[in-house]
Every structure is written in C-alpha cells, then in structure tokens.
Amino acid sequence: MAKGYMENIKRFRVLVMGRSNAGKTTTLQRVCNSTDKPEIFDQNGKKSVQRGYHDIRHQLVFRSNPGFVFHDSCGFEAGSAQQFEEARDFVVGYAATRSVNQRIHAIWFCIPMTDYHRTITAAEQKFFNECDTGYVPVIVLLTKVDALYLAAIRELLDGGFEIAKAKEMAPEKQGKLLDKWLTHVKHELNKCRFPPKAYLPLQKMHQEGADCTALMQCTASFLSEEGLQRLLISTQQSSVALCVEYAVKK
C-alpha cells in the first residue's frame, strides 16, 4: 500500500455483528477503555440525536478513543431478510468504496456463550455462506464466555457433586465447555463458503479494564496491509507493549 494512500486513512473502522444481547457494546467499551455509550453520527458525519442504534451506516465513536469508528449490525437475527440484505449491501459497499476513510477494515462477529445451545443459527450460516467480505477479515468473537461458569456449576451439581466441590471444579469444567463449543462453532462455520479468518474467546469483558490485547493482535494479524496493521496498533490503547512489539517487527 502506497505511503500517500495510508496517510489519507485517519481512523480504523470496524463493523461489529451478532444477534441482540451478544455483548457487542460491552466489547467496544472495553476496546476503547470506556464505560460511556458511544456518540452516534450519520454517514455524513453529522451527530445524531436519536437514541439507540438503528442504522448500520451510522458511525459509533467513543470520546475516549475517537481513532476507532464502529458500525453495528443492530441485532443480526435469523429470519430477517431485510437485515441480511442491509448487512450484505453495507459490507460490499464499504469494503470496496473509493472513499478510503469510509472503508471498513475488519469485521467482528459476536456469538454469545449465554446461548451456547444455539451458537450457530440460520443467521450465522446465511452470512458466512452468502456474504463475501473480500479482503476484509471476519473474526468470530465468543462473547460472554463467563456464562459458562454457571453452566459448569449446574452440570457438576447434576452429576451429584456438593456445591463446595462443584465450585472447586468449576473453572476446569468451564474450560472444557469452552473448548467444546469453540470446536463446534469452528466445525460448523468452516464448512461455509466464506468462513471466518479466526475465532477468539473473550473473557471478563464485563470488567472495566479488561485486557483486549489478544483481540488487537488477532485482528492485526489478518489485515492485508502493513499500513493498516500499524494504524490499528497505534489506535488501540490496550497494550503499550503491543505498540513496541510491532514497532520492532516493522
């Protein structure tokens, strides 16, 4: 990528997708080290006064880190043909637009572990079978992983263990459940025509100051251009060490 071309790209743009209550906003807050809701701007950069996110073209920006611009698929659900068409049109249009500052650079597709019995619905299958994102990498994020702790407790109690013993064994059991469902998600989506580039479980995102270094590393590693990698790493605030690491590499 030409140096002059990269100089025209001012902010790193991410489309975040997933069903309602998938932990999308919480993940973005952790990435931007914020507890506030994002400010909403329309596609022309004019600040919106509406409440909530209703248009995938609207730009979500956190005051704590305006170097990121996010777009939200607004609850990507099974059975909604209109939502799918809007998402596909947005991806196709914003992945190849001539306006370099409007292009999306990555897609984070959130699958919550609170719904681990229905990790892959028709909505996910339709997207990964029919939506070619081109050079824009799609990374599946397993969100709300901490919900598997309660699932582990329940399974252990159902297996006859006392509550004290169940709590002692729960972390190991939780890890096995995560491995199980991660394997299942990979198996199902890797069969699709346009599978994700990577899969990443996110833990403790409900905690302020949660570490997003793994998410930044994973995203950067699948960007097609070195300049975009530098833009992402310089924009993120998760890890100074990560900035140093990429500076040394490049």
Side-chain angles (χ1 to χ4, degrees), residues 1-2 4-34 36-77 80-110 123-124 126-128 130-139 141 194 215-216 219 222-225 227-232 234-237:
M1 182 178 286
Y5 175 90
M6 277 305 306
E7 288 176 348
N8 290 325
I9 303 178
K10 305 301 182 184
R11 299 189 292 181
F12 195 85
R13 192 174 295 268
V14 180
L15 168 61
V16 58
M17 305 187 70
R19 65 197 74 163
S20 299
N21 300 313
K24 291 177 291 181
T25 299
T26 299
T27 298
L28 301 186
Q29 287 174 322
R30 297 295 86 83
V31 167
C32 292
N33 193 26
S34 176
D36 297 327
K37 296 293 184 182
E39 295 182 309
I40 305 173
F41 300 85
D42 66 18
Q43 57 267 38
N44 298 315
K46 183 179 179 180
K47 191 170 182 179
S48 174
V49 296
Q50 72 177 37
R51 300 175 66 87
Y53 322 143
H54 303 289
D55 191 328
I56 193 172
R57 296 169 299 175
H58 283 179
Q59 306 172 85
L60 312 181
V61 179
F62 289 87
R63 290 184 179 181
S64 59
N65 192 342
F68 279 111
V69 177
F70 300 105
H71 295 269
D72 187 351
S73 65
C74 310
F76 196 71
E77 309 292 345
S80 175
Q82 180 180 352
Q83 276 187 338
F84 176 77
E85 293 299 330
E86 288 177 354
R88 182 169 62 183
D89 290 347
F90 177 86
V91 169
V92 172
Y94 279 68
T97 179
R98 290 187 177 184
S99 175
V100 295
N101 269 311
Q102 295 297 317
R103 289 181 188 169
I104 54 174
H105 304 125
I107 299 173
W108 295 338
F109 201 113
C110 299
E124 285 81 22
K126 186 174 181 66
F127 178 82
F128 288 105
E130 300 183 25
C131 194
D132 183 2
T133 63
Y135 292 105
V136 180
V138 182
I139 298 170
L141 306 180
F194 305 109
L215 176 55
M216 297 299 103
T219 303
F222 287 99
L223 294 174
S224 59
E225 303 289 348
L228 287 179
Q229 291 180 337
R230 289 199 300 267
L231 176 62
L232 171 60
S234 63
T235 301
Q236 62 86 33
Q237 300 174 348

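The residues of the chain are indexed from 1 along the displayed sequence. Source: prediction; values computed, not measured.
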Enter the distance from L141:CG to T27:OG1 here, rounded to the nearest 0.5 Å. 6.5 Å
Is the shortest side-chain heavy-atom distance between F194 and V138 below 4.5 Å? no
CZ on R30 to OG1 on T25, rounded to 0.5 Å: 10.5 Å
If I take atom CG from residue L223 and atom NE2 from residue H105, how far apart are they, to the nearest 0.5 angstrom? 8.5 Å
I need the minimum non-hydrogen distance between E124 and F109, along with the two atoms involved. CG-CE2, 3.6 Å
In Å and rounded to the nearest 0.5 Å, what is the CD1 to CZ distance from I139 to F222? 6.5 Å
What are the two closest heavy atoms between A95 and V136, and how far apart are they? CB-CG2, 3.7 Å
Do V91 and L15 have side chains that get closer than 4.5 Å, going by heavy atoms? yes
Of all heavy-atom pairs linking K24 and G18, the shortest is NZ-O, 3.1 Å
Between A87 and M17, what is the shortest heavy-atom contact and its length? CB-CE, 3.9 Å
Can you find a heavy atom in the side chain of M216 that is under 4.5 Å from one in the side chain of L232? yes
I56 and E86 have their tightest heavy-atom pair at CG2-O, 4.4 Å
Please list, chain by chain and in numerical order, all residues satisfying side chain to side chain contact (heavy atoms under 4.5 Å, CB included) with Y135, sequence neighbours excluded. S224
Please name the pair of heavy atoms, one in C32 and one in S64, separated by the smallest distance, quoted to 0.1 Å. O-OG, 2.5 Å
Report yes if the side chains of V31 and F62 come closer than 4.5 Å at any heavy-atom pair, otherwise no. no
If we ignore hydrogens and angles and just use 3.5 Å, is the side chain of Q59 paired with the main-chain N or O of D42 as donor and acceptor? yes
Can you tell me how far apart OG1 (T219) and CG (L228) are? Round to the nearest 0.5 Å. 12.0 Å
Any side-chain heavy atom of E130 sitting closer than 4.5 Å to one from F84? yes
Tell me if a side-chain donor or acceptor on Q29 pairs with a main-chain N or O of D36 at a distance below 3.5 Å. yes
Trace of the side-chain contact (heavy atoms from CB on, under 4.5 Å) decision for L28 with W108: CA-CA 10 Å; L28 301 186; W108 295 338; 3.9 Å; yes
Rounded distance [0.5 Å steps], NE2 in H58 versus CG in D72: 12.0 Å
Parallel, tilted or perpendicular for F12 and F68, by the 30°/60° rule? perpendicular
Describe, in one word, how the ring planes of H71 and F90 are oriented to each other, choosing from parallel (under 30°), tilted (30 to 60°) and perpendicular (over 60°). tilted
Quick one, V16 and C110 - any side-chain contact, counting heavy atoms below 4.5 Å? yes
Under the salt bridge (Lys or Arg N to Asp or Glu O under 4.0 Å) definition, can you give me all pairs with a residue in residues 57-66, not counting sequence neighbours? E39-R63, D55-R57
